[in-house]
Undergrad: 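Mind looking over this structure? Questions follow.
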Amino acid sequence: MTTAVASVTSRNPADPSDVLVSVPAPGAFAAADAVERARAAQPAWLAGGAAARSAALGAVATALEAAADELAALAVREVGKPLTEARAEIARSVAIWRYYAQAPYEPLGAVHETAVGPGLLLTRRRPYGVAGLLTPWNFPFAIPSWKAAPALAAGNAVVLKPAPEATACARRLASLVEQALPTGVCTVLPGGATEGNALVSVADVISFTGSTTVGRAVVQAATARGVPVQAEMGGLNAALVLPDADIEQAARHIATAIAGYAGQKCTATRRVIAVGPALGPLREALAEALRAVPVGDPADPATVCGPLINEQARDRVTRARDGLSVLAGGTAPALPGWYAAPTLVEQVPPGHQLLREEVFGPVAALLPADDLAHAVRISNSVPYGLVTSVHSAGLDPVLHGLDQLDTGMIRVNAPSTGVDFHLPFGGAKESGHGPREQGRAALEFYTSSRTYTLSTVGAM
C-alpha cells in the first residue's frame with residue numbers, strides 16, 4: 001500500500017549524506033507477530049481501569065515535554081521540519097496526550113427505560129482490540145499521537161507503522177510511550193508496503209493518513225475484512241479572497257499556508273481564488289509575501305520554508321511550474337538539501353496538474369473569480385474537500401461560504417493550515433473516508449457501541 005522496501009532508510013532532507021536509519025525491513029511476519037503480542041497485552045490494559053490508563057497517558061505527556069528540545073531537533077534532522085514548527089508540533093503532541101489522559105473517565109454509554117415492563121436498556125462502548133495505525137512523515141510526532149492516544153485511552157492496544165522517512169522519530173516516540181505502558185500495548189513496526197499490507201490484514205481497527213492512492217487501497221482491504229477504517233488523504237485546498245478582505249493580512253496568511261514547511265501539509269493552500277476587484281491587489285501582495293518567506297536550513301529558527309522530503313518531491317514541484325506564468329518563485333538556496341522556492345503561478349490552463357492533483361510542495365495557482373458564487377464553484381470543482389480558507393470582512397459572504405463550500409473544514413480569516421486537536425478533523429470527497437479524527441470523534445471511532453437489555457427473571 002506504499003512503495004515496497006527491502007530496507008528502511010531515512011535521510012536528512014537538508015543534508016542527504018546524513019543517514020539517520022538504515023535497517024532491513026522486518027517483513028510481513030513481524031507485523032503479524034506485533035499484532036498478536038498487542039492482542040495478548042490488550043485485555044490487561046483494559047482491565048487495569050480508567051485510573052491506570054489516565055496515569056499512563058499523562059506520564060507520556062510528561063515524558064514528551066521533558067524531551068521537547070531533543071524531539072524537535074530530531075524532527076528537524078529527519079523530516080526537515082523548520083525548528084519553530086517542530087517545537088510547536090512537540091507542544092501540540094504534549095497537549096494531545098494530556099487531553100486524552102482525561103478520556104478514560106468519560107462516560108462510556110447511557111441507561112434507558114424499557115418501552116414495556118421492568119428492566120433496563122444500556123448502551124456501552126467497548127474497544128476493538130488492536131488498532132493498526134499507518135502514519136505519514138510530515139507530522140512525525142503529532143499524527144501518531146492523535147491516533148495512538150485516543151486508541152489507548154479507550155482500552156485498545158496499538159501497532160504503529162510509520163512512513164520510512166520518519167522511522168527515527170517514531171522509534172523515539174515509541175520509546176517514551178513504552179516506558180509508561182505495559183509491555184506489548186504499544187509497538188512500532190518500521191517498514192513499507194509489505195509491513196503496511198500485513199498490518200491492515202490483521203489489526204482490528206485501522207487508521208491511515210497519507211496519499212489518496214494508498215488510502216483507497218487501505219480502505220478497500222479493511223472494508224473487505226469488515227473492520228472499521230478511517231483514511232485521511234490528500235487535499236487541493238483553496239483560499240477565497242473577497243474584495244472587502246484585509247488584503248495584506250490575507251496575503252500573509254496565504255503565503256504561510258503555501259510555503260510553511262515547504263507546503264508539505266495536507267492542509268496547505270494549493271489554489272488562491274481572488275473574487276472580482278480583489279485580484280489586482282492580492283496578486284501583488286501575495287507575490288511580495290511569498291518572496292519574503294525565509295527559505296533555508298530548517299535548524300535556523302527564522303526559517304519558514306525548509307527542504308522537500310526527498311529529491312523526487314523536489315522534482316515534482318519543479319515540473320509542476322514548468323511552462324506557466326510565474327508571479328513569484330525565485331532561485332532555491334544553494335544548500336545541499338532538496339529545496340524549492342515558494343512559487344505562485346497564474347494563467348493556469350484548465351486540466352493542468354495543479355488544478356486536479358495535490359503537488360506536495362510550496363507551489364500554488366492564482367485564479368480569478370467573477371463573484372463569490374463563481375469562487376465557490378471553482379473551489380468545489382476538484383475531487384478533494386479537506387479545508388478552505390475564506391478571507392472577508394463581511395458576515396454574509398462568510399456564512400454563504402460556510403453553507404456552500406464542500407470541505408470538511410472551513411477557516412475564516414486564517415490560514416488553511418492549522419489543527420484544533422480537540423475538534424473533529426477530516427475531509428469530504430476523496431480527502432477522507434470514514435469517521436473523523438481527533439476530539440471525542442476519535443474516542444468513538446476506536447470503540448464499538450453495544451446495546452444490552454436487562455430483564456427481570458420471568459419478564460416477557
Side-chain angles (χ1 to χ4, degrees), residues 235-260 263 265 267-293 304-305 320-321 324-330 341-352 354-356 358-359 361-382 384-418:
L236 196 52
N237 311 304
L240 277 59
V241 182
L242 278 69
D244 66 346
D246 182 329
I247 297 297
E248 296 297 325
Q249 175 182 279
R252 290 193 299 271
H253 286 167
I254 296 168
T256 299
I258 293 170
K265 304 175 184 179
T267 54
T269 295
R270 313 294 182 192
R271 299 171 298 146
V272 182
I273 304 171
V275 177
L279 179 61
L282 180 66
R283 184 178 185 271
E284 300 305 318
L286 183 53
E288 181 179 351
L290 280 172
R291 286 191 289 266
V293 169
V304 172
C305 182
R321 58 176 277 180
L324 295 176
S325 175
V326 177
L327 284 170
T343 301
L344 180 68
V345 297
E346 64 177 350
Q347 299 174 14
V348 181
H352 189 276
L354 289 175
L355 303 183
R356 56 185 173 82
E358 181 182 44
V359 175
V363 57
L366 178 63
L367 307 170
D370 298 332
D371 51 29
L372 178 58
H374 186 204
V376 169
R377 290 197 301 273
I378 294 172
S379 179
N380 291 345
S381 66
V382 298
Y384 301 97
L386 184 55
V387 58
T388 306
S389 66
V390 180
H391 302 266
S392 172
L395 180 61
D396 288 347
V398 167
L399 291 177
H400 177 82
L402 293 175
D403 286 340
Q404 302 299 323
L405 289 165
D406 191 11
T407 54
M409 298 175 290
I410 298 168
R411 294 171 60 84
V412 177
N413 294 323
S416 61
T417 52

Undergrad: What heavy-atom pair brings S389 and A239 nearest, and what distance separates the two atoms?
TA: OG-CB, 3.1 Å
Undergrad: Give the intermediate values and the outcome of side chain to side chain contact (heavy atoms under 4.5 Å, CB included) for residues H253 and T269.
TA: CA-CA 10 Å; H253 286 167; T269 295; over 6 Å; no
Undergrad: Hey, does the side chain of R356 reach the backbone of G351 with a donor-acceptor pair shorter than 3.5 angstrom?
TA: yes
Undergrad: Could you tell me the separation between the OG1 atom of T388 and the CG atom of L405, rounded to the nearest 0.5 Å?
TA: 5.0 Å
Undergrad: What are the two closest non-hydrogen atoms of A287 and A328, and how far apart are they?
TA: O-CB, 3.7 Å
Undergrad: Could you verify whether a donor N or O on one side chain and an acceptor N or O on the other, from R321 and T343, lie under 3.5 Å apart?
TA: yes
Undergrad: Is the side chain of N380 donor-acceptor paired with the backbone N or O of D406 at a distance under 3.5 Å, no angle test?
TA: yes
Undergrad: Using the side chain to side chain contact (heavy atoms under 4.5 Å, CB included) rule, take V348 and L355 through it: C-alpha gap first, then chi angles, then the decisive distance, then the call.
TA: CA-CA 8 Å; V348 181; L355 303 183; 3.8 Å; yes
Undergrad: Atom CG of L242 and atom CG of L240: how far apart are they, to the nearest 0.5 Å?
TA: 7.0 Å
Undergrad: When rounded to the nearest 0.5 angstrom, what distance separates CG in N237 from OG1 in T407?
TA: 8.0 Å
Undergrad: Provide the closest heavy-atom pair for V293 versus A259 in the form atom of the first, atom of the second, distance.
TA: CG1-CB, 3.9 Å
Undergrad: Mind checking the CG-CG spacing from L286 to L366? Nearest 0.5 Å is all I need.
TA: 7.0 Å
Undergrad: A364 and R271: which non-hydrogen atoms are nearest, and at how many Å?
TA: CB-N, 4.5 Å
Undergrad: Between L367 and I378, does the side chain to side chain contact (heavy atoms under 4.5 Å, CB included) criterion hold? Intermediate values first, please.
TA: CA-CA 9 Å; L367 307 170; I378 294 172; 4.0 Å; yes
Undergrad: When you measure from the side chain of R252 to the backbone of I247, do you find a donor-acceptor pair of N or O atoms at a distance under 3.5 Å?
TA: no
Undergrad: If we check side chain to side chain contact (heavy atoms under 4.5 Å, CB included) with H391, which of these qualifies: L282, V275, I254, V412?
TA: I254
Undergrad: I need the minimum non-hydrogen distance between C305 and P342, along with the two atoms involved.
TA: SG-CG, 4.1 Å
Undergrad: Dump the intermediate steps for side chain to side chain contact (heavy atoms under 4.5 Å, CB included) on I410 and V387, then the final yes or no.
TA: CA-CA 5 Å; I410 298 168; V387 58; over 6 Å; no
Undergrad: Atom CG of L236 and atom CG of L354: how far apart are they, to the nearest 0.5 Å?
TA: 8.5 Å
Undergrad: Contact between L290 and L327 at the side-chain level, heavy atoms closer than 4.5 Å - yes or no?
TA: no
Undergrad: Could you measure the distance from the NE2 atom of H352 to the CD atom of Q347? Nearest 0.5 Å is fine.
TA: 12.5 Å
Undergrad: For V376, is there any backbone N or O sitting under 3.5 Å from a side-chain donor or acceptor partner on S379?
TA: no
Undergrad: Quick one: closest heavy-atom pair of A365 and L344, and the distance?
TA: C-CD1, 4.3 Å
Undergrad: Between D244 and S392, do the side chains contain an N or O donor and an N or O acceptor separated by less than 3.5 Å?
TA: yes
Undergrad: Scan for salt bridge (Lys or Arg N to Asp or Glu O under 4.0 Å) pairs involving residues 278-287, sequence neighbours excluded, and state none if there are none.
TA: R283-E346
Undergrad: If you count the non-hydrogen atoms of other residues, nucleotides and ligands that lie under 6.0 Å from CD in E288, is the total more than 12?
TA: no
